[in-house]
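Contents: one structure, followed by commentary.
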Amino acid sequence: MMTNSQIATLLRHVAASYTIQNEAKFRFQILAYQKAADAIESSPTEIKDYIASNSLDSLPGIGESMKKYLEELIETGKVSHFEVILKDMPEAFFPLLDIPSFGPKKAFKLVSYFKFKDKNTVLDELIEKARNNEIASIEGFGEKSQEDIIQAITEFHQGVNKNSRMVLPFAQEIADKMLDYLKKSSAVEKVYTLGSLRRQKETIGDVDIAVASLHPKEVIEHFCAYPYKDRIIERGEASASLLISGGKHIDLMVQPPDRFGSLLQHFTGSKEHNVKLREFALKKGLSLSEYGIKRKGSDTVDAYSTEESFYSALGLSYIEPEIRENIGEIDLAEKNNLPKLITLNDIKGDFHLHSNYPIEPSHDMGRNSMEEMVENAISLGYQYMGFSEHNPSVSKHTSPQTALLLEKRYKKIEQINEKYKKDIRVYSLLEVDILSNGDIAIDIIAFDYLDAFLVSIHSSFSMPRDKMTERILKGLSHPKAKILSHPTTRLIGKRPGIDVDWDKVFDFCHKNNKAMEINSFPQRLDLPDSLVRQAKTHGVKFMIDTDSHATEHMSLMRYGISVARRAMTTPDDILNSWEYNKFNDWLLNS
DNA sequence: GCCGTTTTCGGCCCGACTGTTTTCAGTCG
């Protein structure tokens, strides 16, 4: 079985081989293979599943030929066309491509020069050659590049065991620290976080920052003097880049205020959005860059101080950063048909809250009392909320004991409703395990003490797809089971999601008025944005919840909102943005 | 090799920075 990332690597190897064989001749094949590799790598759906559903060409950059190659790859484990392209490349060539600052040319030159043979030792051998001063004399290399090779491989070895991408709050913290630092310089007029952090992608590689200033030199000077840097990676007139601890980069770009709009647009990306946007502009005879817009045949570059004016000059309505991912947003902007995305202000309740109310749960309890969480919800302006502690543990309780615990809790929630009735409606919910056979962890005699419940998977994560799908559908089949909580169960960077026939689950949810949760915990963000998009096409509705185990977690809602925005959802799609009566009707009567 | 409101051919984003050069090639985003 090949993973998407392994397939992407294979395609990049093909592109690199083409580059060595004849870059000019294969120029556009090289681009095509790289584009296909990007698309596959960033796709959450396995290639074999695309093939199974015959939808491979829905991926941008996968056409007729690539489709055939991938089918051959999944079926036989190899592609004869690729083998012909790759057969003359030494195997020691490929590991070098993983090293930052190495491309195909440099890698091939060194491997050929030293006649490296072994892919397992080539990195060490190359460092050895550099230390022995055998590289500086090669044509096109020198003392500095010899040193750079040692540094690049060493840093690669240090960083390779770490998770290479950060979860959002971690990256935000790095960015905020730098923003505070930059604001100390009087040369800085405006400063923004851009790149994937501005687009609120679920994980962040590098932190990108833009500054508006009439004195770029001073700004770069100040930036490069950042006390928490490991070293300066590059330093130019309008941009610079720092390495900070953990192998992360902070990249900076500077433009004067009157060109800040095009800089924001350029540096926010995504790369795929920008490429598409520039192709779109070219057809209108316009060439785009961070400096502005150049009309064909003209030498002047028109400046735009805001992104709105930049997009408007292309005949497009403003595109929110979260959806700049080449997912059809440019077409929609051209037709002035972009959806009005959900915002944090639209949210009227949180439905996945763990208090410390003692019901001897199967998993971790919350830290705060029900009252504390209710008061926090009121301060957030919510109109309704639900407590959904984990069910009492199955092994330690008989079914009547569980019912008794839930009855007591129900009375407690009734008291709370009485106390806070002017401000908020509190529902009695529960997060109920779906056991491995599809049964749920509470008995029907407990249902009376619940307005509704969430179901979720907390065990037996690796089951065959058919069995797992059946398990989820069975768990959701109870009338009061309304929400599938953290549906994929993934933990970013730690645990992949479960294997499920999502189309089947989404169809079931749509037909039976069940909701998918968008869990806001930054390590979860589950459903992921791409599956939210997929679910939306089935007509599925969503609950954005925090899964809070303490009052301060309740502010994580913003990350779930980001996921929902990236999936182009509107308030109509998000149940907990609905007015109370409509929402109540869905929860209790649908 | 991909793609389409200039559609089945003939295009394909745009520029910064570095090191090794003396005008440019390679890499990156």
* Which word best sums up how the rings of A:Tyr69 and A:His81 line up, parallel for under 30°, tilted for 30 to 60°, or perpendicular for over 60°? -> parallel
* **B:dT7 versus B:dC12 - spacing of their P atoms, nearest Å** => 15 Å
* Asked: Between B:dC2, B:dC28, B:dC17, which nucleotide has the shortest distance from any of its atoms to the side chain of A:Pro100?
  -> B:dC28
* Residue pair A:Ser55 / A:Ser58, side-chain donor-acceptor N/O under 3.5 Å -> no
* Does any donor atom in the side chain of A:Ser270 or A:Arg324 lie under 3.5 Å from an acceptor atom in the other side chain? -> no
* Compare the minimum distances between each of B:dG1, B:dG19, B:dG29 and the side chain of A:Asp206, then state the nucleotide with the smallest one. => B:dG29
* How far does the P atom of B:dT22 sit from the matching atom of B:dC17, given to the nearest Å? -> 23 Å
* Answer yes or no for A:Lys119 and A:Phe94: cation-pi contact, defined as NZ/CZ to six-membered ring centre under 6.0 Å and angle to ring axis within 45°. => no
* A:Tyr18 and A:Glu23 side chains, donor-acceptor separation under 3.5 Å -> no
* Asked: For the pair made of CG in A:Leu110 and C1' in B:dG19, what is the distance, rounded to whole Å?
  -> 14 Å
* To do: Starting from P on B:dG29, measure out to CG on A:Leu277 and report it in whole angstrom.
  => 21 Å
* Integer-rounded Å distance: B:dG29 P and A:Lys276 NZ -> 23 Å
* Classify the ring geometry between A:His222 and A:Tyr181 as parallel (under 30°), tilted (30 to 60°) or perpendicular (over 60°). => parallel
* To do: Verify the contact: side-chain N or O of A:Lys283 to OP1 or OP2 of B:dT6, cut-off strictly under 4.0 Å; return yes or no.
  => no
* Whole-Å distance separating the CD atom of A:Gln34 from the C1' atom of B:dC28 -> 11 Å
* Can you find a side chain N or O atom of A:Ser101 that sits less than 4.0 Å from OP1 or OP2 on B:dT18? -> no
* Asked: P atom, B:dT5 versus B:dG1: distance in rounded Å?
  -> 24 Å
* For atom P, what is the distance between B:dG15 and B:dT20, given to the nearest Å? -> 26 Å
* Whole angstrom value for the distance that separates C1' of B:dG1 from NZ of A:Lys67 -> 15 Å
* Asked: Quick one: which of B:dC28, B:dA16, B:dG1 gets closest to the side chain of A:Tyr291?
  -> B:dA16
* Looking at the side chain of A:Ser145, which of B:dT20, B:dC17, B:dG1 is the nearest nucleotide? -> B:dT20
* Have a look at B:dT7 and give me syn or anti from its glycosidic angle (syn if within 90° of zero). => syn
* To do: Please measure how far the C1' atom in B:dA16 lies from the corresponding atom in B:dG11, and state the result in whole Å.
  => 26 Å
* To do: Establish, yes or no, whether the cationic atom of A:Lys229 lies under 6.0 Å from the six-membered ring centre of A:Tyr226 and within 45° of the ring axis.
  => no
* To do: Figure out the CD1/C1' separation between A:Ile232 and B:dG19, and round it to whole Å.
  => 17 Å
* Nearest to side-chain heavy atoms of A:Ser239, which nucleotide of B:dG19, B:dC17, B:dT27 -> B:dC17
* Using the P atoms only, state how far B:dG4 lies from B:dC13, rounded to an integer number of Å. => 14 Å
* To do: With P as the reference atom in both, quote the distance from B:dC28 to B:dT23 in angstrom, rounded to an integer.
  => 26 Å
* Asked: Would you call the rings of A:Phe108 and A:Phe93 parallel, tilted or perpendicular, where under 30° means parallel and over 60° means perpendicular?
  -> perpendicular
Please write out each protein N/O paired with an N/O of nucleotides 11-14 of chain B under 3.5 Å, distance rounded to 0.1 Å.
{"residue": "B:dC13", "atom": "OP2", "partner": "A:Glu279", "partner atom": "OE2", "Å": "2.6"}
{"residue": "B:dC13", "atom": "O2", "partner": "A:Arg278", "partner atom": "NH1", "Å": "2.5"}
{"residue": "B:dC14", "atom": "OP1", "partner": "A:Ser287", "partner atom": "OG", "Å": "2.9"}
{"residue": "B:dC14", "atom": "O4'", "partner": "A:Arg278", "partner atom": "NH1", "Å": "3.3"}

